[in-house]
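Presented below is the structure to which this report refers.
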Amino acid sequence: MSELIKKTAAELGSLIASGEVSAVEVTQAHLDRIAAVEDRVHAFLHVGAESALAQAAAVDARRAAGDELGPLAGVPIAHKDVFTTTDMPTTAGSKILEGWRPPYDATVTRRLREAGLVILGKTNLDEFAMGSSTENSAYGPTHNPWDLTRIPGGSSGGASASVAAYEAPLSTGTDTGGSIRQPAAVTGIVGMKPTYGGSSRYGLIAFASSLDTPGPFARNVMDAALLHEAFSGHDPMDSTSIDQPVPSVVEAARQADVAGLTVGVVKEFGGDGYQPGVLARFQEAVELLESLGAKVVEVSCPSFTYALPAYYLIAPSECSSNLARFDAMRYGLRVGDDGTRSAEEVMALTRAAGFGPEVKRRIMLGTYALSSGYYDAYYGSAQKVRTLISRDFDAAFQHVDVLISPTTPTTAFPIGERADDPMAMYLADLCTIPSNLAGNAALSVPCGLADEDGLPVGLQIMAPVLGDDRCYRVGAAVERAFESRWGGPLLSKAPAL
Ligand code: GLN
């Protein structure tokens with residue numbers, strides 16, 4: 001096994017820029033790692049070895065020609081299969097898009113290419129990003145590198161597993177209700193949901209458009225910040241993209257101190273339903289922050305209790321509208337088009353065969369919630385709850401710089417345990433959903449291993465809208481303090497694959 005795969009993205013970028021190693025060597029080392037572990041992990045739906053080596057060779061050629069390379073040029077990345085890519089299939093984890101080749105690159109894809117990042121392949125996900133375990137993928141589950149019998153989180157489970165298994169130093173994800181932070185937490189890595197509108201949705205296959213947010217995964221906070229900065233920022237192709245200057249998250253990660261900051265512990269997140277080992281590690285993180293000079297106070301956000309039910313009306317409503325475009329005419333699968341059936345019949349047969357059970361459940365739920373007569377009672381009420389949640393955040397951020405909570409109530413659960421119990425699955429996002437509904441920034445960093453199962457626990461750090469830098473500043477401080485206590489990254493304690 002090449003030692004290159006254990007390096008951080010920042011280290012790889014500087015080794016490549018100085019010419020100590022070539023981008024092709026770095027890419028090959030990761031392709032070799034993928035070949036060695038993929039049969040057990042199944043993080044990827046598609047590996048593009050040839051195109052990756054060609055992209056890497058192009059970076060090496062630019063270097064040889066004397067071009068100044070950016071900090072991530074030549075660094076490999078695993079890309080969630082929900083972003084369009086012209087040179088690789090894009091399935092969103094669904095049978096309905098099997099084999100689809102998009103005619104254009106997502107803005108995130110284009111910016112990865114412009115930064116010189118080498119796209120190794122496309123990662124597995126719950127179908128259309130609906131789920132918390134990657135078990136809803138039409139192409140089989142991904143396995144958690146800490147324990148292959150357990151889930152790697154979801155929906156970005158291929159993204160988290162690829163980074164935790166050293167198949168890639170970086171990956172992209174999307175977070176609609178927790179799909180970056182929850183997989184990061186349960187695989188012992190770093191995951192960030194930027195402020196909504198801070199990263200572009202153009203070319204991201206839509207699940208719930210008012211919530212969907214692309215963000216980075218990495219093995220440390222600085223790498224996540226570098227990737228965040230590489231693909232975020234205003235995009236005229238996305239009508240909800242924010243056109244405002246934002247503080248540098250890379251600078252904030254470098255700052256890495258909490259002295260003088262006030263940190264609020266969300267009172268509503270804890271107690272019944274939380275695993276004791278998760279609460280114990282969270283309590284240690286609180287004490288650590290105090291020891292680093294932060295003032296820690298308890299904050300009540302009463303409306304957060306209603307975030308989960310509000311989300312499960314809003315997200316399915318938006319999904320039922322967004323997924324109407326899969327009509328057997330424009331994309332991918334077409335079933336029963338034998339000349340005897342009407343377009344409507346073909347559409348119904350295609351959608352019946354092409355969508356999995358969770359996607360169908362949500363389309364039905366959303367269609368019902370939006371139907372006249374029920375709209376005000378369900379969708380309308382959920383939107384009001386959404387406003388109350390934003391107000392809870394606004395009130396809290398009058399007094400505190402960041403809010404913290406466990407990222408998830410439990411550690412990674414066994415594959416199969418919640419597969420037939422949607423309500424149990426939905427609980428995985430209890431702590432992450434408020435930040436999606438309010439659109440503010442939130443980061444998950446490792447905070448230790450639960451005593452009962454030895455599995456990773458995540459600390460969630462939430463900051464105001466456009467306060468992404470605060471997440472990185474606090475996250476980097478916590479990471480540095482924990483790593484000196486642990487004698488290295490938490491991930492170094494994972495069993496070897
Ligand atoms: N697990 C949540 C859901 O199933 C969130 C998914 C996501 O963030 N994409 O909707």
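Both ligands and their constituent atoms are indexed starting at 1 by order of listing. Keep in mind that the numbers below use all heavy atoms, side chains included, and drop hydrogens, waters and symmetry copies.
Residue contacts with ligand 1: G177 is placed with a nitrogen or oxygen under 3.5 Å of a nitrogen or oxygen of the ligand (distance criterion only). Looking at ligand 1, you won't find any N or O of M130 less than 3.5 Å from one of its N or O atoms. Geometrically, ligand 1 and T174 share no nitrogen or oxygen pair separated by less than 3.5 Å. Distances between N or O atoms of G178 and those of ligand 1 include at least one value under 3.5 Å.
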Any chance you could lay out the salt bridge (charged side-chain N to carboxylate O under 4.0 Å, His left out) test for R113 and D87, step after step, and finish with the verdict? CA-CA 12 Å; R113 297 195 204 282; D87 57 350; 3.0 Å; yes
Worked check of salt bridge (charged side-chain N to carboxylate O under 4.0 Å, His left out) between D175 and K193: CA-CA 6 Å; D175 194 311; K193 184 199 88 70; over 6 Å; no
Show your working on side chain to side chain donor-acceptor pair (under 3.5 Å) between H79 and T109 and close with a plain yes or no. CA-CA 8 Å; H79 200 21; T109 307; 2.9 Å; yes
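In the vicinity of G131, heavy-atom distances shorter than 4.0 Å reach the ligand 1 atoms 1 (N), 2 (C), 3 (C), 4 (O), 6 (C). Ligand-side atoms of ligand 1 in range of A129: 6 (C), 7 (C), 9 (N), range being under 4.0 angstrom from any heavy atom. Listed by number with element, the atoms of ligand 1 under 4.0 Å from a non-hydrogen atom of R362 are 3 (C), 4 (O), 10 (O).
Contact annotation: M425 has no heavy atom less than 4.0 Å from any atom of ligand 1. For the ligand labelled ligand 1, residue Y312 lies inside the 4.0 Å heavy-atom shell. Put simply, part of S155 is less than 4.0 Å from ligand 1, judged by heavy atoms.
When non-hydrogen atoms are compared, ligand 1 lies under 4.0 Å from neither the backbone nor the side chain of Y426.
The ring of Y472 has its center closer than 6.0 angstrom to the ring center of H228.
The nearest heavy-atom contact from the protein to atom 10 (O) of ligand 1 is Y311 OH, 2.6 Å. Closest to atom 6 (C) of ligand 1 among all protein heavy atoms lies S179 OG, 2.9 Å. In terms of protein heavy atoms, atom 1 (N) of ligand 1 is closest to D429 OD2, 2.4 Å.
In terms of heavy atoms, A324 sits closest to R351 at CA-NH1, 3.9 Å.
Counting only distance, with no hydrogens or angles, the side chain of E127 and the backbone of G93 share no donor-acceptor pair below 3.5 Å.
When side chains are defined from C-beta on, P434 counts as touching F269, because their heavy atoms get closer than 4.5 Å. The shortest side-chain heavy-atom distance between L437 and I314 falls under the 4.5 Å cut-off.
The cationic atom of R418 (NZ for Lys, CZ for Arg) lies less than 6.0 Å from the six-membered ring centre of F413 and within 45° of the ring axis.
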